[in-house]
Amino acid sequence: MSRRQIADVAIVGAGMVGAALALDLAQRGFEVALVESRAPAPWRAEDEVDLRVVALAASSIALLQRLDVWTAIASARASAYRRMRVWDALAPGALAFDAADEGASALGYIVENKLIQSLLWQAIERHDGIMLRCPARVVASELDAHGDTRSLALDDGTHLRAHLVVAADGADSVLRNLLGIETRDRDYAQRGIVAHVAHERPHEATAWQRFLPGATLAFLPLTDGRSSIVWSVADEEAARLLALDDATFRAELGAAFDFRLGAIAATTARAAFALRMCLAERYVAPRFALVGDAAHVVHPLAGQGVNLGFRDAVELAGVLDDARIRKADIASEATLRRYERRRRSDNAISAHAFDAIQSGFGSDVAVVAAMRGAGLALVGRIAPLRRFFARRAAG
Ligand SMILES: Cc1cc2nc3c(=O)[nH]c(=O)nc-3n(C[C@H](O)[C@H](O)[C@H](O)COP(=O)(O)OP(=O)(O)OC[C@H]3O[C@@H](n4cnc5c(N)ncnc54)[C@H](O)[C@@H]3O)c2cc1C
């Protein structure tokens with residue numbers, strides 16, 4: 001695609017969601033411009049497992065398979081989890097999901113963000129239908145005089161035009177702000193501490209989650225036998241845990257996890273991420289759409305953020321393709337509204353469900369603890385309910 005052409009779609013942000021959408025649209029025959037402020041660092045097998053990992057649900061894996069990058073990801077480093085175990089520090093009852101009950105070989109896979117980004121990026125670089133502008137940062141966006149294109153001003157002084165602009169520029173989306181799209185926010189006043197840890201007993205290809213008063217703790221299995229942890233705690237507690245020496249941190253982590261995998265034998269350095277919920281009030285504007293974290297940021301306790309973002313990408317590519325097949329304007333208001341209707345309520349329901357779970361499970365009030373224990377036991381005993389939650393968890 002030449003630099004003077006008007007792109008069908010200009011995507012801002014080549015994180016996992018923007019990159020997947022760019023590739024999907026290009027593979028369907030759209031001419032795509034992709035603007036990214038910095039190229040992803042290349043993933044190398046000899047490097048230590050990156051601290052940022054995601055639990056990919058079946059729906060995300062299906063997308064990566066269709067984009068023809070999954071085989072390379074899986075053969076590089078992807079850890080299947082075949083079971084999930086969820087339990088509560090203050091209440092009896094536990095939930096157990098097994099892939100075998102669903103007739104599946106895995107519930108999902110744990111993969112480094114960096115690996116997904118880097119393989120999508122390589123595929124993008126090879127694709128003739130994608131014009132890559134990197135490093136470049138979007139600083140302004142305007143609907144053009146006739147209303148049939150939108151332009152983007154880049155920080156290198158150049159401009160781009162497209163029939164549709166998609167913001168995939170993450171939680172602090174510059175484009176969402178430029179378009180004046182309001183968000184509903186909730187600061188959890190929590191941080192998610194991440195690290196990779198070695199433990200005494202094998203992780204059994206299981207994703208473990210323990211609810212504690214005011215905290216959640218997840219252990220996600222890695223291919224080398226260690227687990228990747230996400231420990232969501234209040235800001236002050238996070239500051240305290242981050243300041244601990246390794247031995248004390250390992251002892252506290254082991255206790256918080258109820259020594260389910262024995263003692264914690266070793267840990268990498270720790271990193272922490274501020275946690276919030278942020279939901280865009282609108283997903284579309286004239287010749288404009290939001291996807292991924294630019295549209296919705298959710299609590300990581302259910303490990304669904306990028307899975308929801310990938311579903312946005314699939315839905316948006318689908319409605320644009322339908323419009324094109326009908327020879328209609330790909331970015332008409334009706335087309336964009338169809339995308340918004342299909343994704344905004346699903347994302348809002350998921351965000352509020354994770355919000356309710358984190359408030360309900362975070363509570364140490366005795367009656368709330370007893371209710372959630374009863375709830376866990378109920379779901380655990382009733383097979384159709386258990387299967388319903390297993391399917392939701394697996395996307
Ligand atoms: C602790 C933690 C654990 C998590 N675990 C999971 C999990 O297990 N499963 C899961 O599904 N999700 C998980 N998530 C959420 C997941 O990481 C995010 O949902 C996902 O990374 C969002 O991807 P994205 O592509 O939408 O945005 P981003 O990854 O933020 O990408 C945005 C891109 O836009 C670029 N950009 C920004 N501004 C501009 C600009 N002005 N011009 C040009 N480019 C720009 C950036 O450089 C970046 O590359 C977790 C999150 C946290 C914090």
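Both counts, for ligands and for their atoms, begin at 1 and track the order of listing. Residue indices begin at 1 and follow the sequence shown.
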Heavy-atom pair with the smallest gap, counting every atom of Arg176 and Ala280: CD-CB, 4.3 Å
Applying side chain to side chain contact (heavy atoms under 4.5 Å, CB included), can you list everything that pairs with Arg282, at least two apart in sequence or on another chain? Ile181, Ala285, Glu340
Report yes or no: is the cationic atom of Arg341 (NZ for Lys, CZ for Arg) closer than 6.0 Å to the six-membered ring centre of Tyr283, at no more than 45° off its axis? no
Assess the residue pair Arg342 and Glu315 against the criterion (salt bridge (charged side-chain N to carboxylate O under 4.0 Å, His left out)); give the C-alpha distance rounded to whole Å, side-chain angles, the decisive distance to 0.1 Å, and a yes or no. CA-CA 8 Å; Arg342 291 185 185 169; Glu315 196 64 53; 2.9 Å; yes
Short N or O separations between ligand 1 and the protein, below 3.5 Å:
unit_1	atom_1	unit_2	atom_2	d
ligand 1	8 (O)	Ala55	N	2.9
ligand 1	9 (N)	Ala55	N	3.4
ligand 1	9 (N)	Gly303	O	2.9
ligand 1	11 (O)	Gly303	O	3.3
ligand 1	11 (O)	Gly305	N	3.2
ligand 1	11 (O)	Val306	N	2.8
ligand 1	11 (O)	Asn307	N	3.2
ligand 1	11 (O)	Asn307	ND2	3.2
ligand 1	12 (N)	Gly305	N	3.2
ligand 1	12 (N)	Val306	N	3.1
ligand 1	17 (O)	Arg52	NH2	2.9
ligand 1	19 (O)	Asp293	OD1	2.7
ligand 1	19 (O)	Asp293	OD2	3.4
ligand 1	19 (O)	Val306	N	3.3
ligand 1	25 (O)	Met16	N	3.3
ligand 1	25 (O)	Val17	N	3.1
ligand 1	26 (O)	Asp293	N	2.9
ligand 1	42 (N)	Val138	N	3.1
ligand 1	44 (N)	Ser37	N	3.3
ligand 1	47 (O)	Glu36	OE2	2.6
ligand 1	47 (O)	Ser37	OG	3.3
ligand 1	49 (O)	Glu36	OE1	2.8
ligand 1	49 (O)	Glu36	OE2	3.2

Neighbour count >12 (heavy atoms, 6.0 Å) for atom CZ, Arg326: yes
With a cut-off of under 6.0 Å to the ring centre and 45° to the axis, is Arg260 in cation-pi contact with Trp87? yes
